[in-house]
2 protein chains.
Amino acid sequence: MKCSMSQEGTLLSSGHPAETRPPDVYSAACPTRQLLDRVADKWTTLVLTLLRDEPMRFNALRRRVEGVSQKMLSQTVRQLERDGLVTRTVTPTVPVSVSYALTPLGGTLVDALQAMIDWAEDNMAEVSKAQTAYDERRLG
Amino acid sequence: MKCSMSQEGTLLSSGHPAETRPPDVYSAACPTRQLLDRVADKWTTLVLTLLRDEPMRFNALRRRVEGVSQKMLSQTVRQLERDGLVTRTVTPTVPVSVSYALTPLGGTLVDALQAMIDWAEDNMAEVSKAQTAYDERRLG
DNA sequence: CAGTATCCAGAGTGATACTG
DNA sequence: CAGTATCACTCTGGATACTG
């Protein structure tokens with residue numbers, strides 16, 4: 001995929017006026033990059049992978065995603081709904097209940113994200129070892 | 001590595017009981033979650049995928065990753081080196097030159113990240129459509 | 001060239017209180 | 001239950017200047 005824009009120039013430092021480069025993911029204004037920023041969000045990843053298994057209600061998500069605030073979860077699910085990645089279903093029970101579920105589009109994204117999580121689970125130990133080695137080299 | 005998937009009973013919002021129970025990815029204190037946070041970082045993703053193709057020098061990366069500041073790039077590559085994902089090679093030329101390259105461990109991570117980028121490139125259009133539809137539903 | 005140090009504006013986030 | 005609104009605060013991250 002190719003983005004066809006040139007850079008905005010507004011956010012660049014003074015010394016380098018806009019240069020013409022093949023525009024791709026690494027360009028700031030590319031929509032793909034914007035999407036990547038969103039997708040790489042911490043809560044987004046966790047919420048989406050939770051919903052892979054089953055639809056969940058708001059407070060169920062909140063309990064499961066430890067450390068998320070009401071505000072951030074609310075923000076996250078609204079964003080996901082806007083992006084067409086999850087559906088929001090309101091059931092008019094006595095206290096209203098709201099359920100969130102993956103859309104097919106969201107499902108395809110979860111697969112990519114899961115690869116990332118799997119990597120983290122598989123390689124955490126090795127990374128920790130590298131960190132320790134690095135720190136000892138610096139301090140010792 | 002897999003953190004235990006036990007459901008946490010006590011969810012104190014303010015505390016950081018890092019050493020009590022082994023939680024899963026969705027728990028705040030799990031090392032896997034910490035790693036995921038790092039990996040999901042914006043610049044990390046871009047730098048790592050750039051290095052997949054070839055080793056690059058500092059300013060080459062800087063030019064390529066549009067919008068990154070010197071400070072953030074410096075921070076990012078140092079972190080990546082500490083995590084054992086990239087190597088930092090100093091060549092004592094006249095002005096010193098520093099080259100960064102992926103380690104084998106870093107290479108395995110890039111594959112997972114690339115899946116995420118591919119998804120973004122493939123589905124950007126559909127997401128944009130969903131966003132527009134959502135916004136029109138709200139305003140119209 | 002490849003950084004480090006400093007300053008500081010503002011986005012992101014949590015706590016709290018309130019609503020349907 | 002499922003949010004929204006408001007405020008206070010942290011902490012990222014950009015701009016700038018300096019160093020080896």
Side-chain angles (χ1 to χ4, degrees), chain A residues 7-17 28-29 33-34 37-47 50-51 55-82 86-101 134 138, chain B residues 11-16 28 33-34 37-38 40-47 50-51 55-82 86-101 138:
Chain A
Q7 51 198 32
E8 301 302 315
T10 52
L11 40 72
L12 290 195
S13 59
S14 52
H16 281 64
R33 161 86 166 263
Q34 295 167 11
D37 290 349
R38 183 100 36 82
V39 151
D41 173 74
K42 173 169 147 186
W43 304 126
T44 296
T45 306
L46 296 173
V47 167
L50 272 177
L51 289 180
M56 294 183 78
R57 292 175 57 180
F58 187 85
N59 278 334
L61 280 172
R62 184 153 147 65
R63 275 188 297 273
R64 200 67 212 290
V65 182
E66 189 175 309
V68 74
S69 68
Q70 208 173 21
K71 177 182 176 180
M72 291 315 297
L73 181 55
S74 180
Q75 215 170 89
T76 300
V77 290
R78 197 188 321 130
Q79 190 76 68
L80 289 174
E81 189 197 359
R82 178 169 182 264
V86 309
T87 57
R88 180 177 180 273
T89 307
V90 180
T91 308
T93 47
V94 183
V96 66
S97 77
V98 180
S99 184
Y100 295 91
Y134 181 93
R138 295 237 127 194
Chain B
L11 292 173
L12 297 185
S13 52
S14 55
H16 291 93
R33 161 87 165 262
Q34 295 168 14
D37 291 348
R38 184 98 38 81
D41 172 73
K42 172 169 147 186
W43 304 125
T44 297
T45 305
L46 296 173
V47 167
L50 272 178
L51 290 180
M56 294 183 79
R57 293 175 55 181
F58 187 84
N59 278 334
L61 281 172
R62 185 153 146 65
R63 276 188 297 272
R64 199 68 210 290
V65 182
E66 191 175 306
V68 74
S69 67
Q70 208 173 20
K71 177 182 176 180
M72 291 315 297
L73 181 56
S74 179
Q75 214 170 88
T76 300
V77 292
R78 196 188 321 128
Q79 190 76 68
L80 289 174
E81 187 196 1
R82 179 171 182 262
V86 309
T87 58
R88 181 176 180 275
T89 308
V90 180
T91 308
T93 47
V94 184
V96 66
S97 77
V98 181
S99 183
Y100 294 92
R138 295 238 128 194

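The chains referred to below are lettered A, B, ... by the order of the sequence lines, with proteins before strands, and numbering in each begins at 1.
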Answer yes or no: does a side-chain N or O of B:R57 lie under 4.0 Å from OP1 or OP2 of C:dA2?
yes
Please check: side-chain N/O of B:S74 versus main-chain N/O of B:Q70, any donor-acceptor pairing under 3.5 Å?
no
Rounded to whole Å, how long is the line connecting atom CZ of A:R63 with atom C1' of D:dG3?
15 Å
At what distance, to the nearest 0.5 angstrom, does CZ of A:R63 lie from CZ of A:F58?
11.0 Å
Could you state the CD-C1' distance from B:Q70 to D:dC18, rounded to the nearest angstrom?
11 Å
Suppose we define a pair by two distances each less than 3.5 Å, Watson-Crick or G-U wobble; what does C:dG20 pair with here?
D:dC1
Which nucleotide wins on minimum distance to the side chain of B:K71, given the candidates C:dC7, D:dC1, C:dG3?
C:dC7
Where the side chain of A:T93 meets the backbone of A:P95, is there a donor-acceptor pair that is under 3.5 Å apart?
yes
To the nearest Å, give me how far apart CZ (A:R88) and P (D:dC1) are.
16 Å
A:F58, nearest nucleotide to its side chain (from D:dG3, C:dG14, C:dC1)
D:dG3
Touch check for B:Q75, heavy atoms < 4.0 angstrom, all strands: base, sugar-phosphate only, or nothing?
nothing
Among C:dG20, C:dG3, D:dG14, the one nearest any side-chain atom of B:V98 is C:dG3
Please state how far atom CE in B:M72 lies from atom C1' in D:dC11, giving the value in whole angstrom units.
11 Å
Would you indicate which nucleotide in C:dG14, C:dG3, D:dT4 comes nearest to any side-chain atom of B:Y100?
C:dG3
Rounded to whole Å, please give me the gap between CG in A:L61 and C1' in D:dA2.
12 Å
Should A:S74 be listed as having a side-chain N or O under 4.0 Å from OP1 or OP2 of D:dT4?
yes
Rounded distance (Å) that lies between atom P of D:dT12 and atom CG of B:L73
17 Å
Between B:N59 and A:V96, just flag the one whose closest nucleotide in DNA chain C comes earlier from the 5' side.
B:N59
What is the minimum heavy-atom distance between A:V68 and A:L73, and which atoms define it?
CG2-N, 3.7 Å
Whole-Å gap separating C1' (D:dA15) and CZ (B:R62):
11 Å
Tell me the closest heavy-atom pair linking A:R88 and A:Y100, and the distance in Å.
NE-OH, 3.4 Å
A:R78 CZ to D:dA2 P, straight-line distance once rounded to whole Å:
15 Å
